[in-house]
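A, B, ... follow the sequence lines: proteins, then strands. Residue 1 opens every chain. Just the heavy atoms: all of them, side chains too, but no hydrogens, waters or symmetry mates, feed the values below.
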There are 2 protein chains.
Amino acid sequence: MGIADDAVEIRARGWRTLAALHALIEAELERALAESVQLSVVEYTVLDALSRQDGWHMRMQQLARATALSPSATTRLVTRLEDRGLLTRILCADDRRGIYTELTPSGRELFERAHPIHDEALARVLAEAGGRPELAPVVHALQGSQVLAGA
Amino acid sequence: MGIADDAVEIRARGWRTLAALHALIEAELERALAESVQLSVVEYTVLDALSRQDGWHMRMQQLARATALSPSATTRLVTRLEDRGLLTRILCADDRRGIYTELTPSGRELFERAHPIHDEALARVLAEAGGRPELAPVVHALQGSQVLAGA
DNA sequence: GCGGACTAGTTGCGTGTGCAATGATTATGT
DNA sequence: ACATAATCATTGCACACGCAACTAGTCCGC
């Protein structure tokens with residue numbers, strides 16, 4: 001068991017920690033959002049991404065990147081949200097292959113309602129995770145580094 | 001825009017970073033493992049968990065926790081691996097509700113083969129992620145904190 | 001002991017996902 | 001100018017997942 005093997009184990013352990021934390025947070029957000037606004041986490045991510053592009057449009061591909069989803073999944077995700085009247089497809093004139101998406105007033109309204117719920121759940125689960133010794137360092141780094149980045 | 005709002009944004013940004021990093025790593029591991037040993041990431045996680053319980057058994061429930069999966073998904077995951085001859089179900093005598101799972105020699109052999117591939121892919125994607133400014137702090141924390149925990 | 005609450009694991013069912021193939025539009029090379 | 005390649009989004013298909021309902025086994029109170 002040499003130094004190289006230690007490095008392997010350290011990486012693997014870090015990855016397991018990351019995966020565990022991710023699963024914990026996602027499960028809690030999923031629960032909270034589904035309960036109060038009938039939204040999944042990815043669906044919320046779409047609304048969030050669109051709302052942050054305030055007044056401006058977003059291509060399907062950008063949406064796929066923001067959600068870490070395949071093109072096909074993105075298509076259906078957008079279709080679901082469109083069917084609920086939360087966003088609209090806008091085919092752009094300059095490149096007729098591309099399709100822009102934009103929040104409807106109803107979509108923006110729902111997002112405004114979902115936003116505090118999302119944050120409350122996130123704050124709660126991060127606090128809980130911060131209490132677990134194996135997760136705490138990552139939780140701290142997550143917030144600490146972002147303090148610097150956000151300042 | 002007060003301090004409270006900043007905290008909200010910091011949490012959200014941290015979560016997006018975590019999710020992005022998680023997706024990046026998982027996609028790369030998925031690709032590498034599927035290509036070389038026809039294993040998904042969760043399937044590898046099962047083999048890894050079982051191999052680390054060296055010589056000892058694991059209940060379905062523990063497996064569900066280790067993989068962050070529902071009981072039903074765990075059942076089918078184990079069934080898949082059992083059908084491939086990589087592990088066996090063992091119903092334990094002391095509590096006849098419980099079911100233990102154990103690696104077969106074939107399963108252990110496959111894991112030995114998958115292990116270096118897994119680590120190579122993980123090391124590569126972590127190095128890549130470390131180069132992206134928005135991901136770097138978390139990547140660093142992940143490995144750094146584990147150095148301390150592992151020592 | 002015996003009936004009811006509880007736990008462990010499994011199945012039916014609906015749904016979201018990725019991959020590969022396709023249609024539609026734009027870019028490129030000669 | 002025209003054919004070929006590349007890009008964006010969408011569909012067919014198979015599959016893995018979660019939830020709820022179910023079966024089998026254990027624990028508890030009386």
Measure the distance from [atom1] on [X] to [atom2] on [N] and round it to the nearest whole Å.
X	N	atom1	atom2	value
A:Ile90	D:dA9	CD1	C1'	16 Å
B:Gln61	C:dC6	CD	P	16 Å
B:Gln38	D:dA16	CD	P	14 Å
B:Asp83	D:dA16	CG	P	11 Å
B:Leu81	D:dA16	CG	C1'	13 Å
B:Glu43	D:dC15	CD	C1'	11 Å
B:Leu63	C:dA8	CG	P	14 Å
A:Arg59	D:dT10	CZ	C1'	15 Å

Result for 5'-nearest mapping on DNA chain C, choosing between B:Ile99 and A:Asp94, is B:Ile99

Result for 5'-nearest mapping on DNA chain C, choosing between A:Leu69 and B:Gln62, is B:Gln62

Would you please confirm or rule out a distance under 4.0 Å between OP1 or OP2 of D:dC17 and any side-chain N or O of B:Arg80? yes

Distance below 4.0 Å between A:Arg89 side-chain N/O and D:dT10 OP1 or OP2: yes

[X] (side chain) and [N] (base): donor-acceptor pair under 3.5 Å:
X	N	answer
B:Arg97	C:dT7	yes
B:Ser72	D:dG18	yes
B:Arg76	C:dG9	no

Less than 4.0 Å between a side-chain N and a carboxylate O, is that true for [Y] and [X]?
X	Y	result
A:Glu102	A:Arg108	no
A:Arg113	A:Glu109	yes
B:Glu120	B:Arg124	yes

Ring geometry between B:Tyr44 and B:His118 (parallel below 30°, tilted from 30 to 60°, perpendicular above 60°): parallel

Roughly how far apart are B:Leu87 CG and B:Arg80 CZ, rounded to 0.5 Å? 11.0 Å

When we call it a touch if two heavy atoms are under 4.0 Å apart, what does A:Leu77 touch: a base, just sugar-phosphate, or nothing? nothing

Touch check for A:Arg31, heavy atoms < 4.0 angstrom, all strands: base, sugar-phosphate only, or nothing? nothing

Look at the side chain of A:Asp95 and decide which nucleotide, out of C:dT26, D:dA9, C:dG9, has an atom nearest to it. C:dT26

